[in-house]
K.L.:
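Before I ask anything, here is the structure I am working with.
Chain letters run A, B, ... following the sequence lines, proteins first, then strands; residues in each count from 1.
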Amino acid sequence: AQSVTQPDIHITVSEGASLELRCNYSYGATPYLFWYVQSPGQGLQLLLKYFSGDTLVQGIKGFEAEFKRSQSSFNLRKPSVHWSDAAEYFCAVGGSNFNKFYFGSGTKLNVKP
Amino acid sequence: KAGVTQTPRYLIKTRGQQVTLSCSPISGHRSVSWYQQTPGQGLQFLFEYFSETQRNKGNFPGRFSGRQFSNSRSEMNVSTLELGDSALYLCASSAAARGVDGYTFGSGTRLTVV
């Protein structure tokens with residue numbers, strides 16, 4: 001069965017530090033991969049997506065993600081975190097061979113001043 | 001262009017009542033999916049509609065239903081509300097079925113059942 005794992009429930013980083021949020025998926029072929037961000041009480045906003053091609057994907061708000069087929073991973077990164085990045089981040093997989101989107105359980109990011 | 005609009009934003013209902021939530025997708029988007037989000041269960045898929053047809057349904061009881069109109073607007077209905085139905089209900093739209101091009105989410109409807 002398809003699944004998405006975000007191993008870190010909570011992460012705290014200092015403002016200005018780099019960030020990496022982990023995401024692993026379980027699926028036979030390469031799915032479409034997505035990262036979303038959710039601020040408290042709000043909906044989810046799409047940060048970036050990967051369909052095929054270049055394995056390093058640039059998104060909005062200075063985020064990027066790298067697809068590693070050998071590790072079944074799609075980790076989200078940001079070189080320098082801002083206080084406004086504090087939110088919950090969700091990894092998701094989908095695709096034409098999927099009957100629905102699969103979301104990870106989310107990683108809550110806290111940013112220390 | 002306008003985003004996904006969900007109404008109402010907040011709702012308080014009593015156990016046993018029923019509720020209808022509304023979602024207006026981005027213009028041109030034909031796929032609308034609904035998710036329930038709770039602190040304990042995370043994001044759970046309710047159903048997807050594409051061109052007025054239900055394409056897929058999550059593992060929820062029959063009290064949860066939905067429909068999509070010819071203008072792609074969608075409604076979901078929950079009958080005989082239970083305390084456990086308290087959640088943030090999110091609607092998401094996409095141009096392609098199953099959100100393969102990426103979903104755009106609304107801000108959600110916060111339902112509280114008392």
Side-chain angles (χ1 to χ4, degrees), chain A residues 1-10 23 25 27 29-53 57-61 63 65 67 74 76 87-108, chain B residues 2-11 21 23-26 29 31-50 53-60 87-112:
Chain A
Q2 299 90 342
S3 67
V4 183
T5 302
Q6 293 181 247
D8 305 305
I9 299 174
H10 287 99
C23 173
Y25 65 89
Y27 182 59
T30 299
Y32 298 164
L33 297 158
F34 307 83
W35 274 100
Y36 286 86
V37 61
Q38 184 180 32
S39 298
Q42 298 297 314
L44 280 70
Q45 181 183 20
L46 180 64
L47 285 174
L48 47 79
K49 56 190 177 185
Y50 173 79
F51 293 160
S52 64
V57 181
Q58 301 297 321
I60 63 171
K61 304 186 179 190
F63 285 93
F67 168 61
F74 188 57
L76 182 71
E88 190 160 18
Y89 292 79
F90 292 91
C91 179
V93 302
S96 56
N97 294 325
F98 289 72
N99 59 2
K100 63 177 183 179
F101 249 46
Y102 290 85
F103 281 93
S105 54
T107 298
K108 286 187 179 174
Chain B
V4 177
T5 304
Q6 290 188 246
T7 56
R9 283 281 279 135
Y10 301 93
L11 210 46
L21 312 182
C23 172
S24 293
I26 288 176
H29 284 190
S31 172
V32 174
S33 291
W34 289 87
Y35 286 83
Q36 182 196 66
Q37 186 178 30
T38 58
Q41 299 296 318
L43 283 156
Q44 292 191 286
F45 173 75
L46 281 155
F47 25 67
E48 182 205 3
Y49 288 87
F50 186 83
T53 301
Q54 187 180 87
R55 295 287 293 263
N56 195 16
K57 191 176 192 304
N59 189 25
F60 278 81
L88 181 66
Y89 290 87
L90 294 165
C91 166
S93 76
S94 67
R98 287 160 292 185
V100 296
D101 54 335
Y103 281 126
T104 299
F105 281 82
S107 297
T109 294
R110 171 73 64 184
L111 172 64
T112 302

K.L.:
Please classify the contact of B/R9 with chain A as side chain, backbone, both or neither, using a heavy-atom distance under 4.5 Å.
P.N.:
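When you check distances to chain A, only side chain atoms of B/R9 fall under 4.5 Å.
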K.L.:
Is there a donor-acceptor pair closer than 3.5 Å between any side-chain N or O of B/Q6 and the backbone N or O of B/Y89?
P.N.:
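Pair found, side chain donor or acceptor close to backbone of B/Y89.
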K.L.:
Is chain B contacted by the side chain of A/L44, its backbone, both, or neither, given a heavy-atom distance below 4.5 Å?
P.N.:
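For A/L44, backbone and side chain are both near chain B.
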K.L.:
Judged by atom type as modelled, is there a donor-acceptor pair below 3.5 Å linking the side chain of A/W35 to the main-chain atoms of A/F74?
P.N.:
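It does hold such a pair.
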K.L.:
For B/Y103, is it the side chain, the backbone, both, or neither that has a heavy atom closer than 4.5 Å to a heavy atom of chain A?
P.N.:
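For B/Y103, backbone and side chain are both near chain A.
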K.L.:
For the aromatic rings, using the six-membered ring if either is Trp, is the centroid distance between A/Y32 and A/F34 under 6.0 Å?
P.N.:
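That pair fails the under 6.0 Å test.
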K.L.:
Answer yes or no on whether B/R110 is positioned over the face of B/Y10, meaning its NZ or CZ is under 6.0 Å from the six-membered ring centre and within 45° of the axis.
P.N.:
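No.
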K.L.:
Which answer fits A/Y102, side chain, backbone, both or neither, if we ask what part of it has an atom under 4.5 Å from a heavy atom of chain B?
P.N.:
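Neither; nothing under 4.5 Å.
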K.L.:
For the side chain of B/S94 and the backbone of B/A96, is there at least one donor-acceptor N/O pair under 3.5 Å apart?
P.N.:
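Yes; at least one donor-acceptor contact below 3.5 Å.
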K.L.:
Contact part of B/Q37 toward chain A, heavy-atom cut-off under 4.5 Å: side chain, backbone, both or neither?
P.N.:
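Contact with chain A: side chain only.
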K.L.:
In terms of heavy-atom proximity below 4.5 Å to chain B, should A/F101 be classed as side chain, backbone, both, or neither?
P.N.:
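When you check distances to chain B, atoms from both the backbone and side chain of A/F101 fall under 4.5 Å.
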K.L.:
Please identify, among A/Q45, A/E88, A/Q38, the residue contributing the most non-hydrogen atom pairs under 4.5 Å to chain B.
P.N.:
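Result: the option with the highest number of such pairs is A/Q38.
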K.L.:
Is it true that a side-chain atom of A/S39 and a backbone atom of A/Q42 form a donor plus acceptor pair closer than 3.5 Å?
P.N.:
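Not at all, since once roles are kept as given, no pair shorter than 3.5 Å links the two residues.
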